[in-house]
Visitor: 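The structure follows.
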Amino acid sequence: MTALAAVAAMVGCASVGVTPPSRGLRAAARVERPDAPVEYDVLVAELAQAEGRFEEARAAYGRAVAKDPDSAVLHERLARLSWQLDDVDGAVREAERALALDPEATRLRLFLGRLYNLRRDFEGLDRVLRDAEGEPLDADAAFALHQVALERQDLDEAERLARKLMTMESDPMRGRLALVAVLELRQEYDRAEAVLREGLAQQPGNFLLSMRLAQLERARGDRAGELAIYRSLLEQDPDHYGVLQRLGQAQVDAGDVAGAIETYRRIVAAFPEDQSTLRRLASLEFATGQYAEATKRLEAVLEREPDDSELALVVGQLRRAAGDDEDARALFERIAPGDPKYVEARLQIVGILESRGELQEALDEVERLRAGGAGRPADLRAAALRAELGDADGAKRLLTGMLDGSEGDAAVYYQLGLLEGGRARPEAALAAMRKVLEIDPQNAAALNYIGYAWAERGEKLGEAEKLIQQALTYAPDDGYITDSLGWVYFKMAEAELAEGRQTEAEALLDRAEAQLERAQTLSGGDPVISEHLGDVHLLRGEKAQALEAYEKAEGLGVREAEQPMLREKLERLRRELGRGPASGGAP
């Protein structure tokens, strides 16, 4: 009542007429009134704090404390506000004053314990949370001390406190989970599992214990055990969202993509508004070649959310992957300037123009983006297009001007390497790729480039194999890197045959063929890979199979710069085998 009276007197005529009462209250609340009761300063502090004016709030609480220095509540509020303002020392000072006024307040002791932990003042921490014998004051203190022991990696003390906590509460759940945390950090998985299963024996079907057990199985690498727990929980609640999500992720991690797709489909069926899961499902379907399903699923969402630029970009990419460039471009065009996805969408359009051979139009589009400050991705694309249009010097000037000593230089050096390679300057190309690896040792593309370049020259084949194998550890499903590995084995086989080691050569050709067949599958069909397969058959003397592979390469579209000898090999084999062109010429 006193506070309300103070407010009424304070607002007075200010709340009458055109000034809204709320504005009058806020304006009046900024006025310091030394003669007003403490409630006035508290109200001023609360209002300022609610509006995010924390320094004003602290000042008002300070005035309130000056008027009522024996109020533990006011000292506590001032302590918590000081902590919120990152003044830990001030928070400790006020919290200690509050505790001195109210020594039985557990919340104050826990708050002080947190502050002392932040200051790494473990003597102060023990003083406020332990009794004279050094034991925790209560269960909450024991848990707080356990957490600090974990942070300090004092696992013996953390275990002792966890076991004590189990005896301090009627429900030992918190202590049990605290003990499991210690045992897991020690990697004593069997002991941790025993603690959890003991709890489950006492509380069959307990969800929290079951999920913690699944987490433990994951930590120890027992993926089957983790999956079994999720499936058991779903028998009790088939549509439990959290369990289904964990199950799907575990299946992805285990390489069971088909199982993950089935799980995410269950989630989407039960929770149709869950757009993030729907998108993840679509990405998995796309990754497994289920393009129609992925596209249909996301298009349905796009119909409901036509202004979702990120979704428009994804659906456009899906349509482009399916060969529908016109519809893809229409979706990219929907993304307006200023949208975070605008530059990416326009670069997709550049890719469409480039695939049609409209290189100048593609470059013009990129230059418009660069004029708008599109950044490094547009600069890199502009350099690549200039090189394709024959302006190698202009491309190099643009690339070298982008070098700034940052990690982004890896992409620039990679493009410089490709440029120098295209200009028939192999040593300069390899030097640029080595610069890439200095910045990014795990760059699969640069590792592959160097390895393939050595293989093409028939040199350092052992080192080339190691580099390409290393690249595959970072990009295991890359069809073109897999092709490089097959080509290294082919070149090794050539070297063995030149030395008269037929058996060793045959073994290498088997390895080459296996890698090249896999590369063809991963790439979806590529003329260079088909030519490499033809070369393997030809080296074995299998001319008919070689001709079939070469004709397949021809049908996929010859890349003249990379396949200068393909047509010659085709014509020679056709003559030797007495066959006309695959298109129907006379044999």
Side-chain angles (χ1 to χ4, degrees), residues 289 323 354-357 388 418 421-422 424 426 448-449 451-459 461 464-465 468 471-472 477-587:
E354 193 173 1
S355 68
R356 293 174 175 173
E388 287 187 73
L418 295 180
N448 178 63
Y449 187 99
Y452 186 79
W454 284 342
E456 278 284 84
R457 290 152 61 165
E459 62 184 40
L461 295 178
E465 180 189 9
I468 295 169
L472 283 171
D477 296 323
D478 189 301
Y480 301 102
I481 299 178
T482 305
D483 168 66
S484 297
L485 184 60
W487 193 238
V488 167
Y489 292 143
F490 171 80
K491 288 291 187 177
M492 287 178 170
E494 277 190 326
E496 294 292 343
L497 282 176
E499 297 295 328
R501 292 188 284 269
Q502 182 73 33
T503 302
E504 291 84 350
E506 285 293 338
L508 285 164
L509 287 173
D510 287 343
R511 294 170 72 181
E513 184 175 5
Q515 293 296 329
L516 293 170
E517 290 285 2
R518 184 169 186 269
Q520 196 71 285
T521 300
L522 290 171
S523 68
D526 180 87
V528 173
I529 299 174
S530 291
E531 183 180 1
H532 286 168
L533 276 166
D535 291 341
V536 169
H537 289 301
L538 191 61
L539 195 59
R540 281 175 168 160
E542 300 167 348
K543 294 184 179 181
Q545 292 95 320
L547 178 59
E548 181 181 350
Y550 291 150
E551 288 180 337
K552 183 176 180 179
E554 183 182 40
L556 289 169
V558 180
R559 295 201 290 270
E560 298 290 351
E562 297 177 60
Q563 301 174 274
M565 303 299 295
L566 176 60
R567 299 192 191 282
E568 180 181 328
K569 287 186 281 190
L570 268 168
E571 292 172 7
R572 185 173 67 251
L573 275 178
R574 283 169 178 161
R575 286 196 304 270
E576 290 179 11
L577 295 173
R579 299 184 186 179
S583 57

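Below, all heavy atoms of this structure are taken into account, side chains as well, without hydrogens, waters or symmetry copies.
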Visitor: On a heavy-atom basis, which atom in Leu566 and which in Ala553 lie closest, and how many Å separate them?
Guide: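 Taking Leu566 first and Ala553 second, the nearest heavy atoms are CD2-CB, 3.9 Å.
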Visitor: Kindly write out the residues that satisfy ring-ring contact (aromatic ring centres under 6.0 Å, His included) with Tyr489, not counting sequence neighbours, or none if the list is empty.
Guide: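 With neighbours one apart ignored, the set is empty.
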Visitor: I need the Arg511 CZ to Glu465 CD distance, nearest 0.5 Å.
Guide: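 If we round to the nearest 0.5 Å, Arg511:CZ and Glu465:CD are 5.5 Å apart.
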Visitor: Looking at residues at least two apart in the chain, or sitting in another chain, which of them share a side chain to side chain donor-acceptor pair (under 3.5 Å) with Gln563?
Guide: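 Glu531.
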Visitor: Could you pull out the closest heavy-atom pair between Ala549 and Ser530, with the gap in Å?
Guide: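 So the minimum-distance heavy-atom pair works out to CB-O, 3.5 Å.
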Visitor: Could you pull out all residues at least two apart from Glu456 that satisfy salt bridge (Lys or Arg N to Asp or Glu O under 4.0 Å)?
Guide: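 By the salt bridge (Lys or Arg N to Asp or Glu O under 4.0 Å) rule, Glu456 matches no residue at all.
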Visitor: Please enumerate all residues that pass salt bridge (Lys or Arg N to Asp or Glu O under 4.0 Å) together with Arg356, with sequence neighbours excluded.
Guide: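 Expected list: Glu326.
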Visitor: The test is side chain to side chain contact (heavy atoms under 4.5 Å, CB included); show your working for Leu538 and Leu573 and say whether it passes.
Guide: CA-CA 10 Å; Leu538 191 61; Leu573 275 178; 3.9 Å; yes
Visitor: Just how far is it from atom CD of Glu494 to atom CG of Leu509, taken to the nearest 0.5 Å?
Guide: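 Result: 9.0 Å between the selected atoms.
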Visitor: Compare all side-chain heavy atoms of Met565 with those of Asp535 and state whether any distance is below 4.5 angstrom.
Guide: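 In short, these two side chains do not touch, never coming nearer than 4.5 Å.
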Visitor: So does Lys543 have more than 12 non-hydrogen atoms from other groups sitting under 6.0 Å from NZ?
Guide: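 Open.
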Visitor: Salt bridge (Lys or Arg N to Asp or Glu O under 4.0 Å) with Glu499: which residues, sequence neighbours excluded?
Guide: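 Glu499: no salt bridge (Lys or Arg N to Asp or Glu O under 4.0 Å) contacts found.
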Visitor: Going by side chain to side chain donor-acceptor pair (under 3.5 Å), name the residues that satisfy it together with Glu571, two or more places apart in sequence or in a different chain.
Guide: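 Testing Glu571 for side chain to side chain donor-acceptor pair (under 3.5 Å), a comparison that skips the adjacent residues, returns none.
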Visitor: Measuring only between side-chain heavy atoms, which start at C-beta, is Arg567 closer than 4.5 Å to Glu554?
Guide: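 Result yes, sub-4.5 Å side-chain heavy-atom pair found.
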Visitor: Assign the ring pair Trp487 / His532 to parallel, tilted or perpendicular, where the plane angle (0 to 90°) is split at 30° and 60°.
Guide: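 Aromatic pair Trp487/His532 classed parallel.
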Visitor: Supply the atom-to-atom distance Leu516 CG to His537 NE2, rounded to the nearest 0.5 angstrom.
Guide: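 Those atoms lie 9.0 Å apart.
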Visitor: Apply salt bridge (charged side-chain N to carboxylate O under 4.0 Å, His left out) to residues Arg518 and Asp483 and explain how you reach the verdict.
Guide: CA-CA 8 Å; Arg518 184 169 186 269; Asp483 168 66; over 6 Å; no
Visitor: Can you name the nearest heavy-atom pair linking Ala519 to Gly479, along with the distance?
Guide: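 Looking at all heavy atoms of both residues, the shortest contact is CB-O, 3.2 Å.
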Visitor: Among residues at least two apart in sequence or on other chains, which ones pass side chain to side chain donor-acceptor pair (under 3.5 Å) with Asn448?
Guide: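 By the side chain to side chain donor-acceptor pair (under 3.5 Å) rule, Asn448 matches Ser484.
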Visitor: How close do Pro527 and Gly557 get, counting heavy atoms only, and between which atoms?
Guide: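 Heavy atoms only, the tightest pair is CG-O, 3.2 Å.
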Visitor: Test of understanding: with side chain to side chain contact (heavy atoms under 4.5 Å, CB included), list the residues that count as partners of Glu354, not counting sequence neighbours.
Guide: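 For Glu354, the residues satisfying side chain to side chain contact (heavy atoms under 4.5 Å, CB included) (neighbours in sequence not counted) are Leu359, Arg381, Leu385, Glu388.
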Visitor: Which distance, rounded to the nearest 0.5 Å, do you find between the CZ of Arg575 and the CZ of Arg572?
Guide: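 It comes to 8.0 Å.
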Visitor: I'd like to check the side chain to side chain contact (heavy atoms under 4.5 Å, CB included) partners of Glu504; sequence neighbours left out, ordered by chain and number.
Guide: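 Glu504 satisfies side chain to side chain contact (heavy atoms under 4.5 Å, CB included) with Glu496, Arg501 only.
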Visitor: Apply side chain to side chain contact (heavy atoms under 4.5 Å, CB included) to Leu461 and list each qualifying residue two or more places apart in sequence or on a separate chain.
Guide: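 Partners of Leu461 under the side chain to side chain contact (heavy atoms under 4.5 Å, CB included) test: Ala455, Lys491, Met492.
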Visitor: Can you sort out the partners of Glu542 under salt bridge (Lys or Arg N to Asp or Glu O under 4.0 Å), two or more places apart, ordered by chain and number?
Guide: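 Applying salt bridge (Lys or Arg N to Asp or Glu O under 4.0 Å) to Glu542 gives none.
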Visitor: If I compare all heavy atoms of Thr482 with all of Leu472, which pair ends up nearest, and what's the gap?
Guide: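 Closest approach of Thr482 to Leu472, heavy atoms only: OG1-CD2, 3.7 Å.
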Visitor: Please check if atom CD in Glu548 has more than 12 non-hydrogen atoms from other residues, nucleotides or ligands closer than 6.0 Å.
Guide: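 Atom CD in Glu548 is not crowded, with 12 or fewer foreign heavy atoms closer than 6.0 Å.
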Visitor: Can you give me the closest heavy-atom contact between Pro426 and Arg457, atom names plus distance?
Guide: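 Minimum heavy-atom separation between Pro426 and Arg457: CB-NH1, 3.9 Å.
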Visitor: Can you sort out the partners of Ser523 under side chain to side chain contact (heavy atoms under 4.5 Å, CB included), two or more places apart, ordered by chain and number?
Guide: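 Side chain to side chain contact (heavy atoms under 4.5 Å, CB included) list for Ser523, sorted by chain: Tyr480, Gln520, Asp526, Ile529.
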Visitor: Does the side chain of Tyr452 come within less than 4.5 Å of Ile481's, by heavy atoms?
Guide: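 No, side chains not in contact.
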